[in-house]
Amino acid sequence: MEHKPRILVVDDEPQLTRVLRTGLSSHGYEVRVAADGVSALETFGDWHPDLVVTDLAMPQMDGLELCRSLRAISSVPILVLSARGEEKTKVEALDLGADDYVTKPFGIEELLARVRVALRRTKTAASSEAAPTFLETGELRIDLETRIVTVKGREVRLTPKEFDLLLHFMRNAGKVLTHRVLLAAVWGGEYVEQNEYLRVFVGQLRKKLETDPAAPRYILTEPWVGYRFNPE
Amino acid sequence: MWKAAVRKQFLGYIVAVIVIAAATAVLNVFGGHINPTTVALAFLLIVLFVAAAWGSKPAVLAALVGGICFNIFFLPPVGTFHIAEPENWIAFLSFLVTGITAGQLSARARRRAEEANEVRQEVERLYAELQESFEEASQARALKQSERLKSALLDAVTHDLRTPLTSIKASVTTLLDDHRSIRKNAAPSLLNDESRQEMLEVIDEEADRLDRFIGGMMELARIEAGEMHLRRRWGSIEEIVSAALSRASALTNNHKTELGIEDDLPMVCVDERAVSEVIYSLIDNAAKYSPVDSVIRIVARRVNQTTVQMGVADEGSGISPELRERVFDKFFRATRDGDISANRPSGSGMGLAIAKGIVEAHDGKIWIQNGPGKGTAVFFTLPIGEGQIEGQKPENTNGA
C-alpha cells in the first residue's frame, strides 16, 4: 500500500508551522517541520519527503540556499512561501529549481491546490519514466518519436524551436518556469536575457494551440516571473 | 562699470588740483621764510597720496600743477614762471621727475594691490562654492541614507504585521475549509477537536501579537516625539523587579530565575511602571534567546552615591560585539538580522528600543556585555534622584 505523501514544511515562524502541520495533516499528508535550512536538510536526508514547502527568509540557511542544496541532491518538488516584496528572491528560487510559489498571506485551499499539482507532477513523471512515446494534456498531444503535435486530432505544424518549447512546457507541466529557465533550456545559456524571444514564441504557440489565444488554457502567464503549463 | 571708473578718475584730477592749490595757499602764508625743499617734499606727499587713491594720471597732473606752483610761488623770483638761479632749475626739474616717477610707482603698487585683492576674492569665491557643493553632496548622502533607513523600517514593519496575519489567515481558512466540506458533503470533519482548538488558539495569540506590536509602535512613537511623561515616585527596586518578574512568569516557565539584589539598596525616584517594563522586556529577551532550563539572573547594586545599576543576564549564545549597539535600534532582531541562529518565537524588535528610550528618559545608560562565562547581560543605570522630590525622604526602607 502506498504511504501517505510526506511534506516537509520549513519556516522559522513556529505559529505558521503549527497551522500548516494541522491543516496539511487533516488532508491526509504526513507532515514534519523544520525551522531553518540546515535542520530541513537533515530531516530531508532521514525522512525522504515527497514535497518541500519552504519560507524564503530564515536564519542560518535561507530558502534560496536550501533550494540550491536540495537541487544538488534531489528533484523533489519545492514550493516556496514568499511575501509580497520578496519578488526578486522568489524568482531566484524558481531559477534555482523551485517548482511553484504561494504568496503570504495565503488561504489553505490555495496551498492545498499547489501541493496537489506538485505531487501529481512527480507521480506522472515517475509512472511515465518507462517509455514515454507521447505526452498528452486535454486535447493536446505530442508524439515524441514522430514529433507530430495534434490538437483535437488535427495536426498542427510547429517550427523546431516551437516544438522544443512546447515539449519543455509539457515535461514540466504545473511547474512555474521562469523566463531564465525557459530561455536556458530551449535556446541555451547565452540567451537568458532575451525575454522577447519567449514572448514571440509563446504568442505563436498560443495562436496554433489555443482555442482563444487571448484567454489561454494551456500556457499561462505568471506575471513578471515566467509561464506555467496548465496540466488540468 | 566703465562709466564709474571714468567718473572716479575725473574726481582724482579735481582733487589733485584742489589739494595742490590748497597746499600752495597754506604754504604761501609763511611767505619767503619757507625752505623750497620743505615745499617740494609737501607737494611730493600730495602726489603720492593722489597716486595711491586715483592712479597714475591724476598723479601726473598733481606733479605738473605742483611743479608750476612750486616754480611760481616758491622759487625766486617769486610770482613769475621765470627761474633765475641754475640750481633752482635743478630743484624744479628734480621735483617734476621725482613727482611723476613716484606717482607712477605708487599707482603701480596700488594696481598690484588691487589685483592681489581680486585674486583673493576669486579664491574666496571658489572656496565658498567648493564648500557649498560639499555641503550639498553630504546633504544628498544623508538624504539617501535616511531614505534607505526608511525603507528598511518599512520592510521591518511590513514583516511584523504580515507574519501574524499569515498565521491567522492560514488558521481561519483551515477552519473555513473544514466547515465548508462538512456542509457540502455532509462528511465528518477532517479536523479533530484538538486541531480545531489549536487553530483558534493560534488566531487568538497572533491577534494579541498584532495588538502588542501596534502598542509598541505607539510607545516608540511617543518616546521618539519626546512625549514620554515620567511619573517619578520614590519606590523600592525590589518591588519594581518583583512586579516585572510576576508579569514575566509565563515567559520564564522553562527557565530558572535567580535574583542578585544587593542588601540595603536605597529607594529610587523613578517611574516604577516604566522601569518595570524595561526589566520585563530584558527578561523576555533573555527567555527568548537562551536554552530551556538555563538560568536568567536579575541583579541590582549601588554603584556610588548617586547611581544604582540593574541588569538581566542569560546563558544563551551571546551577542557579537559588532551587534551590541544595533540591537537597540528599532526593529533590529538578532535572529533575523544578525548572527544568532534560533528556533524560537521572535520578538517585535522593539523591546530594547523602548527600554533604551525609558532608561535615557531617566538620564540613565543602557548597554550590553557578555555575561559571566557565556550568554548576554544587559545592564542599565538609574540616578537615585535624591533631592528631586520634596516632602518624602529617600530613606532606605528595605527590610524595614
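First the proteins, then the strands, lettered A, B, ... as listed; each starts at 1. Worth saying up front: this structure is predicted, and the values here are computed from it rather than measured.
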Atom pair CG (A/L16) and CD (B/E206), whose distance is rounded to the nearest 0.5 Å =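 One finds 9.0 Å between CG of A/L16 and CD of B/E206.
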task = Not counting sequence neighbours, which residues clear salt bridge (Lys or Arg N to Asp or Glu O under 4.0 Å) with B/R247? List them please.
result =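 If we apply the salt bridge (Lys or Arg N to Asp or Glu O under 4.0 Å) test to B/R247, skipping adjacent residues, the hits are B/E277.
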task = Please name all residues satisfying salt bridge (Lys or Arg N to Asp or Glu O under 4.0 Å) with B/E219, sequence neighbours left out, ordered by chain then number.
result =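 Counting only residues at least two positions away or on another chain, B/E219 forms no salt bridge (Lys or Arg N to Asp or Glu O under 4.0 Å).
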request  = Report, as yes or no, whether the 6.0 Å neighbourhood of atom CZ on B/R273 holds more than 12 heavy atoms from other residues, nucleotides or ligands.
outcome  =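 At most 12 heavy atoms, drawn from other residues, nucleotides or ligands, come within 6.0 Å of this atom.
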key: Heavy atoms of other groups near A/E190 CD, more than 12 under 6.0 Å   =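 Check passes, neighbour count above 12.
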request  = Could you have a look at B/L165, B/T166, B/T158 and say which one has the most heavy-atom pairs with chain A under 4.5 angstrom?
outcome  =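 The candidate making the most pairs under 4.5 Å is B/T166.
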query = For A/L112, is it the side chain, the backbone, both, or neither that has a heavy atom closer than 4.5 Å to a heavy atom of chain B?
reply =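 Only the side chain of A/L112 comes within 4.5 Å of chain B.
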task = For A/E13 and B/T163, test the side chains for any donor-to-acceptor distance below 3.5 angstrom and give the result as yes or no.
result =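 No, because no side-chain N or O of A/E13 sits under 3.5 Å from a partner of the opposite role on B/T163.
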inquiry  = With a 4.5 Å cut-off on side-chain heavy atoms, are B/E198 and A/R21 touching?
reply    =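 They are not in side-chain contact.
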Non-hydrogen atoms of B/L191 and A/S26 that approach each other most closely =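 B/L191 and A/S26 have their closest heavy atoms at CD2-CB, 3.6 Å.
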message = What residues of residues 168-180 of chain B make heavy-atom contacts with chain A at a cutoff under 4.5 angstrom?
response =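 When heavy atoms of chain A are the reference, residues 168-180 of chain B contributes B/K169, B/A170, B/S171, B/T173, B/T174, B/D177, B/R180 within the under-4.5 Å range.
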query = Can you pull out the residues in residues 102-110 of chain A with any heavy atom less than 4.5 Å from chain B?
reply =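 From residues 102-110 of chain A, the residues near chain B are A/K104, A/P105, A/F106, A/G107, A/I108, A/E109.
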